[in-house]
Each structure stands twice: as C-alpha cells, then as structure tokens.
Amino acid sequence: MDFATSLAPYWYFHLPNFILAALMYTMLGRVLLGLMVDADSPNYIWRFFCRVTDPVITLIAIATPKAAPPVVLWLFGFVWLFWLRVALHYTLLLLNLAPRLGGAAS
C-alpha cells in the first residue's frame, strides 16, 4: 500500500485531524513564544501565531472567565483542541469509519 492510497480513503479523518493538530501545536508555540516576547511584538513568527490562533481564542474566551490571563486562554485552547481531536477520532470509531492499522475499516 503506498502513501497516497492509504490517506485518500480516510480524508474525512486525516484532513480535520491535521488542521486541529496544526492549530493545537501553533497554540502551544504561542504559549512558549509568549514567555519571551511582548504581546505587541513585531516578530513575524509571533504575528503568525497570533493571526492563526486568534479565531480559536475568540471562541474559547466565550467559555472562559474574563479574569483569566491570556496565557491561560492559550493553554485552554491547547487542551480544547486536543479533546476535539480525541472526540473526532472517537466519533469516527463509533461509526466504524476511523482508519485501522490494517488499512481497511471493518
């Protein structure tokens, strides 16, 4: 089985999982970089992290107390995205649509 044929049948799992993982690790990068740079830093990596993760932060801020510092929001974002990935995988497992190690859903 080659790489392309192993990914294509399960695109509905791999694509959302990849996007959620990229957001999750970008959020972690924001937390770590936030320890070293100012919030209004012109650093292009910092601005990229902020631009990518700000929509997620906006959604998380709705369910988080307003008194929480920004770094707590970012960490909550990391955790929420992790659990969203777990929920995606678990839902697809329940529906018998998740990819299996053998390659075919059973």
Engineer: Mind checking the CD1-SG spacing from I45 to C50? Nearest 0.5 Å is all I need.
Structural biologist: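 Between atom CD1 of I45 and atom SG of C50 there are 12.0 Å.
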Engineer: Verify the cluster assignment for L93 and W83: are they in a single hydrophobic cluster under the rule of side-chain heavy atoms below 4.5 Å apart?
Structural biologist: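 Looking at the clustering, W83 is in a separate group from L93.
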Engineer: Which residues end up grouped with L94 if you chain together Ile, Leu, Val, Met, Phe, Trp and Tyr wherever their side-chain heavy atoms are less than 4.5 Å apart?
Structural biologist: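 For the cluster that includes L94, the remaining residues are Y90.
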Engineer: With L92, which residues qualify under side-chain contact (heavy atoms from CB on, under 4.5 Å), at least two apart?
Structural biologist: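 Testing L92 for side-chain contact (heavy atoms from CB on, under 4.5 Å), a comparison that skips the adjacent residues, returns Y12, F13, L88, L97, A98.
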Engineer: When rounded to the nearest 0.5 angstrom, what distance separates CG in L32 from CZ in F49?
Structural biologist: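 CZ of F49 is found 8.5 Å from CG of L32.
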Engineer: Taking the side chain as every heavy atom from C-beta outward, state whether Y10 and H14 have any atom pair closer than 4.5 Å.
Structural biologist: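 Y10 vs H14: side chains touch.
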Engineer: I'd like to know if V56 and L59 are part of one continuous hydrophobic network [Ile/Leu/Val/Met/Phe/Trp/Tyr, side-chain heavy atoms within less than 4.5 Å].
Structural biologist: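 As far as the 4.5 Å side-chain criterion goes, V56 and L59 are not connected within one cluster.
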Engineer: Please list, one pair per line, the donor and acceptor atoms closer than 3.5 Å that link side chains of residues 64-72 to other protein atoms, with sequence neighbours excluded.
Structural biologist:
unit_1 : atom_1 : unit_2 : atom_2 : d
T64    : OG1    : I60    : O      : 2.8
K66    : NZ     : A61    : O      : 3.4

Engineer: Does anything in residues 42-53 form a salt bridge (charged side-chain N to carboxylate O under 4.0 Å, His left out)? List the pairs, not counting sequence neighbours.
Structural biologist: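 Sorted pair list comes back empty.
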Engineer: How long is the straight-line distance from OG1 of T53 back to CG of L28, given to the nearest 0.5 Å?
Structural biologist: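 L28 CG to T53 OG1: 11.5 Å, rounded to 0.5 Å.
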Engineer: Give me the atom names and distance for the closest heavy-atom approach of L73 to I57.
Structural biologist: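 Nearest heavy atoms, L73 then I57: O-CD1, 4.0 Å.
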Engineer: Check ring pair (Phe, Tyr, Trp, His ring centres under 6.0 Å) between W74 and all other residues, then give those that pass, not counting sequence neighbours.
Structural biologist: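 Partners of W74 by the ring pair (Phe, Tyr, Trp, His ring centres under 6.0 Å) criterion, ordered by chain and then number, come out as W46.
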Engineer: If you round to the nearest 0.5 Å, how far is CZ of F76 from CG of L81?
Structural biologist: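 So the CG of L81 and the CZ of F76 are separated by 13.0 Å.
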Engineer: Kindly list each side-chain donor-acceptor pair under 3.5 angstrom involving residues 34-42, sequence neighbours excluded, with atom names and distances?
Structural biologist:
unit_1 : atom_1 : unit_2 : atom_2 : d
S41    : OG     : N43    : N      : 3.2

Engineer: With sequence neighbours left out, which residue pairs that include part of residues 8-27 fulfil the salt bridge (charged side-chain N to carboxylate O under 4.0 Å, His left out) condition?
Structural biologist: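 Every pair satisfying salt bridge (charged side-chain N to carboxylate O under 4.0 Å, His left out) with a residue in residues 8-27: there are none.
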Engineer: To the nearest 0.5 angstrom, please state how far the CG atom of L20 sits from the CG atom of L15.
Structural biologist: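 Reported value, rounded in 0.5 Å steps: 9.5 Å.
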Engineer: Give me each pair satisfying side chain to side chain donor-acceptor pair (under 3.5 Å) with a member in residues 16-29, each pair once, sequence neighbours excluded.
Structural biologist: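 Checked against side chain to side chain donor-acceptor pair (under 3.5 Å) - neighbours excluded - the pairs reaching residues 16-29 are N17-R85.
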Engineer: What pairs with F82 under side-chain contact (heavy atoms from CB on, under 4.5 Å), at least two apart in sequence or on another chain?
Structural biologist: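 Partners of F82 under the side-chain contact (heavy atoms from CB on, under 4.5 Å) test: M24, V86.
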Engineer: Write out all pairs satisfying salt bridge (charged side-chain N to carboxylate O under 4.0 Å, His left out) with one or both partners inside residues 25-37, taking only residues at least two apart or from two chains.
Structural biologist: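 The answer is R30-D54.
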Engineer: Tell me the salt bridge (charged side-chain N to carboxylate O under 4.0 Å, His left out) pairs involving residues 10-27, sequence neighbours left out?
Structural biologist: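 Every candidate salt bridge (charged side-chain N to carboxylate O under 4.0 Å, His left out) pair involving residues 10-27 fails, so no pair, neighbours aside, qualifies.
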